[in-house]
Amino acid sequence: MTYKITVFNTLGREYQEFKTITPGLVKMYICGPTVYDSAHLGHARTYIAFDAIIRFLEYMGYRVIYVRNITDVGHIREESGMDRMIHGAERERRHPMEVADKYMMEFFKDMDMLGVRRPDIQPRASMVIPEIIDAVHKLIEKGFAYTVDGSVYFEVSKFDGYGRLSRIKISELQRHRLEPDPRKKSPGDFALWKEAPPNYPLVWRSPWGLGFPGWHIECSVMSMKYLGEQIDVHGGGHDLVFPHHENEIAQSEALSGKSPFVRYWLHTGELTVEGQGMHKSLGNYITIREALRRYSPDLIRLFILSSHYRSPIDFSEKAMAQARENLEKIVDALNLLSEASDGGGDELANSVALDVEEFKSAMCNDFNTPSALAAIYAAADKVRAHIGMGRPVGTPSKVAGMILEMCNALGLLRGFTPVRLAVEAEKVLKVLLDVRRELRRRGLYEIGDEIRSRLAEIGIKVEDTRDGERVRLTL
RNA sequence: GCCGGGGUGGCCGAGCAGCUAGGCGGCAGGCUGCAGACCUGCUCUACAGGGGUGCAAUUCCCCUCCCCGGCUCCA
């Protein structure tokens, strides 16, 4: 059967059938981080969510060209009007590019540890400065931008349809955290190129003097440089809808003269911690490395995928504990299957095959990972019940393969191997269980239970069934 | 103020016009020396409140209340 994938497009706020420009090929650009500090759980949420989407598309047979940028210049901070990179550099008393490198490498490592598929191209804003200057120049030539001393601004009113993505009206862009530059023609106009103050540590020569790019333009340039003037998917956190993505559309379509710049805009919901936004001042700022010290990558991923990518998600110990139970259920089912012997019919395999169909249709419905996980749980439960009732599995490796196939399509349990004891340990365990059986036969339950609880402490759960002991390893 | 997203059973969390989400937890029973796993049943005719349109509304429309986000910092 063929599957129709439906996605919710932020542009238009509606569900649309997913049809790529070139059949079978997905050109996708995801906004990467500004590397002035360690990545946090919010980044993990966004990139894991997109990772699952990408893996699923690949699972469905698409080739995905995935570009995710690194922004290492031009991201202005509000209170000081200072580039975020410069701020990081001042804090750490290093050169801005040294700071950028440090956090970029850290980010790459975090993503690898989380099992996020590497993008095919990871361009860096500072490496496309010539292209940015060129783009800014063209925007001036085309009449979409104007200069004010050494700065260049995009004139929003020149671009028809500005505000289509975020549904913002130019006339309502009246509230500002920062006093807008009074020389701008309209408060909504945004910088393409900024004139640098004296002694600014990170500047480039341009036709307008020494300066640096505005935030937004780098993404337009990198997206078009590596994926072309029109792409299939552009994604990022929900907080980027305005102004970042709105401005990207304006710049890009003004430059290329082609519309739409992006077919499907996908945005991930915010991550909160115990119900509050993450802020260093609240003390609830959790970096990815901190999270990885406490939780396995699969656990973090399962937690994130338990919520739909567009919904907000709240991080808490309780939520993680719940995710852990669910993960253990899946792993338990896979472990049980690895020990089950062939025999019986295809009944279980056929039933799990239905779950795989459920899984696919859930994911085809705007990448509904909670529903997709429900299908995996259903399959795992069937396995546990089947084996729990002592029924033959039929083709355990086939069943395990189907469950792993679903998990892997979400990036879960990619490195799964059934937990096994070493041969020697196996023999020792057998001796212990033999002794325990004899103890129980003589009614010496207390000592038998002692053996059981001591084994449980080291991750070996012994369960007594009619057919003897079943050992579950949670090593 | 403007724009956007939400409020689903004890908790988490899908669905969004008719048909069981799912998970976690709790209770009772079965099986067990016990525990666990597994099985059965219950908690579970839940969808913020009030109107409206439908044969039919958690799902669409309007109003009210509450929460959150964006409005040139953010994934």
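Atoms considered below: every heavy atom in the structure, side chains included; atoms not considered: hydrogens, waters and symmetry mates. Proteins come first, then strands; the chains are lettered A, B, ... in the order of their sequence lines, and each starts at number 1. Bear in mind the structure is a predicted one, so any value in this text is a computation, not a measurement.
Using a 4.0 Å heavy-atom distance criterion, A/Tyr47 is classed as a sugar-phosphate-only contact. Heavy atoms of A/Gly163 sit nowhere under 4.0 angstrom from any nucleic acid atom. Contact annotation for A/Asp449: base contact, defined as any heavy-atom pair under 4.0 Å involving a base atom. Among the protein residues, A/Val241 comes within range of no part of the nucleic acid, since none of its heavy atoms lies under 4.0 Å from any strand. Residue contacts shown for A/Arg470 are limited to sugar-phosphate atoms, with no base heavy atom under 4.0 Å away. Among the atoms of the strands shown, none is found under 4.0 Å from any heavy atom of A/Asn247. Using a 4.0 Å heavy-atom distance criterion, A/Gly42 is classed as a base contact. Among the atoms of the strands shown, none is found under 4.0 Å from any heavy atom of A/Ser453. In this structure, A/Tyr377 reaches the sugar-phosphate backbone alone: every heavy-atom distance under 4.0 Å involves primed, P, OP1 or OP2 atoms, never a base. If you check every strand for non-hydrogen atoms under 4.0 Å, A/Pro312 touches nothing. Base contact: A/Arg452 has a heavy atom under 4.0 Å from a base atom. Residue A/Ile387 is classed as having no contact, given no heavy-atom separation below 4.0 Å to the nucleic acid. Among the heavy atoms of the strands, none lies under 4.0 Å from A/His244.
Separation of the C1' atoms belonging to B/C68 and B/G9 is 23 Å when rounded to the nearest angstrom. Between B/C42 and B/G36, the distance separating the two P atoms is 22 Å to the nearest Å. Taking atom P on both nucleotides, B/U43 is separated from B/C2 by 46 Å, rounded to a whole Å. B/U20 and B/C55: their C1' atoms are spaced 24 Å apart (whole Å). Here, B/G13 and B/C71 have their C1' atoms 30 Å apart, quoted to the whole Å. Comparing B/A46 with B/A21, their P atoms sit 10 Å apart, to the nearest whole Å. B/A14 and B/C47: their C1' atoms are spaced 12 Å apart (whole Å). With both ends at atom P, the span from B/U72 to B/A17 equals 36 Å, rounded to whole Å.
In this entry the base of B/G54 is syn relative to its sugar, with a glycosidic angle within 90° of 0.
With A/Phe18 as the aromatic partner, A/Lys4 does not meet the cation-pi criteria of under 6.0 angstrom to the ring centre and within 45 degrees of the ring axis. Judged by a 6.0 Å distance limit and a 45° cone about the ring axis, A/Arg13 is not positioned over the six-membered ring of A/Phe8. A cation-pi contact, defined as under 6.0 Å to the ring centre and within 45° of the axis, is absent between A/Arg68 and A/Tyr29.
Distance A/Phe359 CZ to B/A21 C1': 16 Å, rounded to the nearest Å. Across the protein-nucleic acid pair, A/Asn335 atom CG and B/A37 atom C1' stand 14 Å apart, rounded to whole Å. Counting to the nearest Å, the C1' atom of B/A37 and the CD atom of A/Glu463 are 4 Å from each other. At whole-Å resolution of the value, CG in A/Leu455 and P in B/G36 are 17 Å apart. Look at CZ on A/Arg391: it is 17 Å from C1' on B/C31, rounded to the nearest Å. As a whole-Å value, the separation of A/Glu246 CD from B/C2 C1' is 15 Å. A/Asn9 has its CG atom 14 Å from the P atom of B/G5, to the nearest Å. Computed from coordinates, the A/Asp355 CG to B/A21 P distance equals 17 Å when rounded to whole Å.
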Steps toward ring pair (Phe, Tyr, Trp, His ring centres under 6.0 Å) verdict (A/His245, A/His267): CA-CA 10 Å; A/His245 290 158; A/His267 291 100; 4.9 Å; yes
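No donor-acceptor contact under 3.5 Å links the side chain of A/Arg13 to the base of B/G4. A donor N or O paired with an acceptor N or O is not found under 3.5 Å between the base of B/G69 and the side-chain atoms of A/Glu270. Side-chain atoms of A/Asp464 and base atoms of B/C34 include a donor and an acceptor less than 3.5 Å apart.
The residue among A/His43 and A/Lys329 whose nearest nucleotide of RNA chain B is located toward the 5' end is A/Lys329. Ranked by how close their nearest RNA chain B nucleotide is to the 5' end, A/Glu446 and A/Thr268 are led by A/Glu446.
Just one residue in the list A/Arg470, A/Arg440, A/Arg437 forms a side-chain hydrogen bond (donor to acceptor under 3.5 Å, both in side chains) with A/Asp464, and that residue is A/Arg440. Shown are A/His234, A/His238, A/His244; of these, the ring-ring contact (aromatic ring centres under 6.0 Å, His included) with A/Trp265 is made only by A/His234.
Listed candidates were B/C16, B/G70, B/C34. Nearest to the side chain of A/Phe242 is B/G70. Taking the side chain of A/Glu325 as heavy atoms from C-beta on, and the options B/A35, B/A14, B/G25, the nearest nucleotide is B/G25. Relative to the side chain of A/Pro370, the nucleotides B/A14, B/A75, B/G33 differ in distance, and B/A14 lies closest.
For the 3.5 Å distance criterion, the side chains of A/Asp189 and A/Tyr146 qualify, holding a donor opposite an acceptor. Residues A/Asn365 and A/Thr6 bring no donor and acceptor atom of their side chains to less than 3.5 Å of each other. With 3.5 Å as the limit, one finds a donor-acceptor pair spanning the side chains of A/Asn247 and A/Tyr162. With hydrogens and angles left out, the side-chain atoms of A/Ser151 and A/Asp149 include no donor and acceptor closer than 3.5 Å.
Nucleotide B/C42 forms a pair with B/G26, judged by Watson-Crick or G-U wobble geometry with both contacts under 3.5 Å. Look at B/C65: its Watson-Crick or wobble partner, with both distances under 3.5 angstrom, is B/G7. The pairing partner recorded for B/U72 is none, the criterion being a Watson-Crick or G-U wobble arrangement whose two distances lie under 3.5 angstrom. Under the Watson-Crick or G-U wobble criterion, with both distances below 3.5 Å, B/A21 is left unpaired in every strand shown. Under the Watson-Crick or G-U wobble criterion, with both distances below 3.5 Å, B/A14 has no partner in any strand shown.
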Identify each atom pair where a protein N or O and an N or O of nucleotides 38-41 of chain B are less than 3.5 Å apart, giving names and distance.
{"residue": "B/C38", "atom": "OP1", "partner": "A/Arg384", "partner atom": "NE", "Å": "3.2"}
{"residue": "B/C38", "atom": "OP1", "partner": "A/Arg384", "partner atom": "NH2", "Å": "2.7"}

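Checked by atom type and distance alone, the side chain of A/Arg45 pairs as donor or acceptor with a backbone atom of A/Gly269 at under 3.5 Å.
Side-chain nitrogen and oxygen atoms of A/Asn368 include at least one within less than 4.0 Å of the OP1 or OP2 phosphate oxygen of B/G15. Not one side-chain nitrogen or oxygen of A/Ser371 sits closer than 4.0 Å to the OP1 or OP2 atom of B/G22. Dashed line: the shortest gap from a side-chain N or O of A/Ser311 to OP1 or OP2 of B/A14 is under 4.0 Å.
Annotation: A/Tyr103 is not in aromatic contact with A/Tyr36 [ring centroid separation under 6.0 Å not met].
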